[in-house]
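Notes for the one structure printed next.
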2 protein chains.
Amino acid sequence: MARVEGTRSLAGPGGSPTLDEVARLAGVSRATASRAINGGNRVSSQAQTAVDDAVRALGYTPNPAARSLVTRRTDSVGLVVPEPDERVFSDPFFARTLRGVTRVLAERDLQLVLLLTRPGEEEARMLRYLRNRHIDGALVVSHHRSDSLADHLAALDLPCAFVGRPWTSADKVAYVDTDNLAGGRQGASALIERGCRRIATIAGPDDMSAGVDRLEGWRSAMREAGLATDAVVHGDFTERGGEIAATTLLERHPDVDGIVAASDLMAAGALRVLTASGRSVPGDVALVGYDDLGVAERTVPQLTTIRNPISEMAEQATRLLLQQIDGDSSVRAMRVIYPPTLVRRDSA
Amino acid sequence: MARVEGTRSLAGPGGSPTLDEVARLAGVSRATASRAINGGNRVSSQAQTAVDDAVRALGYTPNPAARSLVTRRTDSVGLVVPEPDERVFSDPFFARTLRGVTRVLAERDLQLVLLLTRPGEEEARMLRYLRNRHIDGALVVSHHRSDSLADHLAALDLPCAFVGRPWTSADKVAYVDTDNLAGGRQGASALIERGCRRIATIAGPDDMSAGVDRLEGWRSAMREAGLATDAVVHGDFTERGGEIAATTLLERHPDVDGIVAASDLMAAGALRVLTASGRSVPGDVALVGYDDLGVAERTVPQLTTIRNPISEMAEQATRLLLQQIDGDSSVRAMRVIYPPTLVRRDSA
DNA sequence: CAAGACCGTGGAAGCGCTCTCACACCGAGT
DNA sequence: ACTCGGTGTGAGAGCGCTTCCACGGTCTTG
């Protein structure tokens, strides 16, 4: 009992208190103490309070390693970010996602492990990490076409959920996305209804599903209206990319009277170029952005844009993941698609 | 031996391979296998290769829970972000920090656990988490005055390092920072040398050490030059905050001919307001920003600013943390201060 | 009033790993 | 020849926890 060995600050002899000490103090067995701590099934209220008191007195917290050794759960999930470019992190999209994820995770006292992978060996390392169940599940912020993550995860039968439709194995894993096709269409339609006739688009990168789908939506709306679909330039979703794309666009098609950009940042860049070229927005050229993550309200004029409920999407993805972790296999390949909504401001 | 229970995909009977299986396959004892896997001290080259082969054949990875149960290490460090406002994440400062941290961590195969705390009970929960050694150490992105994190961490004697000087217990914990005082001074000096005489500052929040120090630096340079130090407005480091501050500033002191902003984002906001008010930059009003994290190059005109080597700072902080984890107590209260450097561009 | 159902409990096994310790073996020194 | 330091090895004891199982007690039910 009276182990004497270099008393640490708090918590009696030798480090943090163990279940054993709690049990002893509460006057029950380790088994009962364990039960009391984990939800208290089959525990008399008397024992329960005794244990509760002891826990409090000792400042006890279960040793997670010991626990997960036997339960085979780690109570942590990984957030996989392929290509952790600085851009990814400073992107408001990612920030919102993180917010949604942590909100849900906090409810259940789960931890978030950040798994960043640069291409190459790093990916192998992470796959090994995932394969050996160091985490209960993985949340993937899907980005580029190149990563075959979805394939691997599907093969692993590790619970996982994607934010944004994965490029491959989209039918085998759970994911949450917005209807980017409809969004692209809405952007174009808004301009068409407004009376624009020479409408261009600054599309996203063509190795990201969001980029491709939005472009396709724009195309279909344009075709339906009998308008030309040749004024297409690609950007990389950044403000700078928007500037470059807009410059190219104005060179090639100086007669544009409307532009649909696949992200607000690109729209903001385009806006700057348009203004600099002496065109008024929306007077000479009407402009529609995409995302509505804050940027859209800070431009002059404020951007008309398509809103994505990013935070909700991330929450939903996390819920989907938790359900899988809890053994509900019915959601393994579920997809949840949110509708985008047009937000009318001043640029169109 | 021949456990038969729903064979999982890979790895023989019942789940992922254990050390025991590796040992058996290699024809050695568990102890030897363990040694071979962990650096191979006192292992014959014969046994070593046998184990290596077995590991490869089985696709074995040590169970981290079991391992950390006995080693008392988790091979993961926490990144504590008090107040995980969306702003924090979308801030390029944070993005750079994260990059520096992960770069160092990757070298050692350590995992990053994200610890976000909203004020209140959340903080208690995290403290409990830290206290019970679920992680080997904590990296804190210090932010606000309110959180008494440093005090608690110092009391816990859990290895930790701060990025940015903590408000309290700065003498008890390791931290990395830039010399914000010198930076503030440099900003003011640049304008003074340029010939500005009515110099204002858009300071940061006064509950963040970076905000306070930069302001103090500005003040001291101004005093030395015999200039008035009354034109001070506070902002919250955001672009919007910069706009508001600049507007107030122009109202109160329409005669300003120079402004030092405590962040590039605020400078960008101010720039917009200045331009809108018909003032040319740097012609009528010279402007200096702070941080140089990319924003400064994207404004028109590009911002003259004070550069902070964020990434290096984060790396350094991580190294400091790892040293502590490795038992080097000499760095427990070490501080590393990076010098800021003036980057001349077009706005001043 | 006996027979079962059920509840709360503690003993004990074991999760997969590391690490101490004792042991066998080797070549080198006396 | 005998001891000695050194080296590679395996048996075994745990790390702190959950959980199966058996057990006594109480409460129903026929």
Side-chain angles (χ1 to χ4, degrees), chain A residues 3 5 8 11-52 54-55 58-75 132-134 136, chain B residues 1 3 5 8 11-52 54-55 58-75 131-134 136:
Chain A
R3 273 189 291 160
E5 39 181 33
R8 281 273 189 74
S16 34
T18 71
L19 183 60
D20 221 22
E21 301 176 49
V22 171
R24 209 144 43 208
L25 183 58
V28 298
S29 74
R30 224 169 53 241
T32 302
S34 174
R35 261 175 251 128
I37 287 164
N38 299 306
N41 268 341
R42 296 197 147 52
V43 176
S44 66
S45 64
Q46 187 183 343
Q48 182 73 53
T49 33
V51 172
D52 287 348
V55 165
L58 261 35
Y60 170 80
T61 326
N63 178 322
R67 173 178 277 181
S68 85
L69 183 55
V70 31
T71 59
R72 265 110 211 304
R73 298 190 45 166
T74 61
D75 290 324
N132 284 277
R133 313 297 156 108
H134 299 205
D136 294 340
Chain B
M1 200 166 289
R3 276 188 289 159
E5 37 181 34
R8 282 270 189 77
S16 32
T18 72
L19 183 60
D20 222 23
E21 300 176 52
V22 171
R24 209 145 42 208
L25 183 58
V28 299
S29 73
R30 223 168 55 240
T32 301
S34 175
R35 259 175 254 129
I37 287 165
N38 299 306
N41 269 342
R42 293 197 147 49
V43 177
S44 66
S45 65
Q46 188 183 344
Q48 182 73 54
T49 33
V51 171
D52 286 348
V55 165
L58 261 35
Y60 171 80
T61 326
N63 177 322
R67 174 179 278 179
S68 86
L69 183 55
V70 30
T71 59
R72 268 113 209 305
R73 296 190 46 164
T74 62
D75 291 324
R131 185 143 51 76
N132 283 276
R133 314 299 158 106
H134 299 205
D136 295 339

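In what follows, chains carry the letters A, B, and so on, assigned in the order in which the sequence lines appear, proteins first and then strands, with residues in each chain numbered from 1.
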For atom [atom1] of [X] and atom [atom2] of [N], their distance in whole Å:
X	N	atom1	atom2	value
B/Arg73	C/dC17	CZ	P	18 Å
B/Arg67	C/dC19	CZ	P	9 Å
A/Glu21	D/dG16	CD	C1'	11 Å
B/Leu19	D/dG10	CG	P	12 Å

Assign A/Thr71 to base, sugar-phosphate, or nothing according to its heavy-atom contacts below 4.0 angstrom with the strands shown.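 Counting heavy atoms under 4.0 Å across all strands, the contact made by A/Thr71 is with sugar-phosphate only.
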Considering non-hydrogen atoms only, spot the tightest contact between [X] and [Y] and give its length.
X	Y	answer
B/Ala47	B/Thr32	CB-CG2, 4.1 Å
A/Thr74	A/Ser68	CA-CB, 4.0 Å
B/Val43	B/Ala36	CG2-N, 3.9 Å
B/Ile37	B/Pro62	CG2-CG, 4.5 Å
B/Tyr60	B/Thr18	CE1-C, 3.5 Å

Could you give the angle between the helix axes at the two ends of the helix from C/dC1-D/dG30 to C/dT30-D/dA1, with five pairs per end, rounded to 10 degrees?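 Computed from the C1' atoms at both ends, the axes differ by 50°.
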C/dT18, OP1 or OP2 - any side-chain N/O from B/Asn38 closer than 4.0 Å?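 Checking B/Asn38 against C/dT18: at least one side-chain N or O falls below 4.0 Å of OP1 or OP2.
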Side chains of B/Asn63 and B/Arg67: closer than 4.5 Å at any heavy-atom pair?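 They are not in contact (no side-chain heavy atoms under 4.5 Å apart), so the answer is no.
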Of the listed nucleotides C/dT18, D/dC17, D/dC15, the one nearest the side chain of A/Tyr60: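 Of the candidates, D/dC17 comes closest.
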Can you name the salt bridge (charged side-chain N to carboxylate O under 4.0 Å, His left out) partners of B/Arg35, sequence neighbours left out?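 Once residues adjacent in sequence are excluded, B/Arg35 has no partner under the salt bridge (charged side-chain N to carboxylate O under 4.0 Å, His left out) criterion.
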If a protein heavy atom is under 4.0 Å from the base, mark B; if only from the sugar-phosphate, S; if neither, -; do that for nucleotides 6-11 of chain C going 5' to 3'. -SSBBB
Taking A/Arg30's backbone N and O only, do any of them form a donor-acceptor pair with A/Ser34's side chain (distance below 3.5 Å, no angle check)?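 Looks like no, no N/O pair under 3.5 Å.
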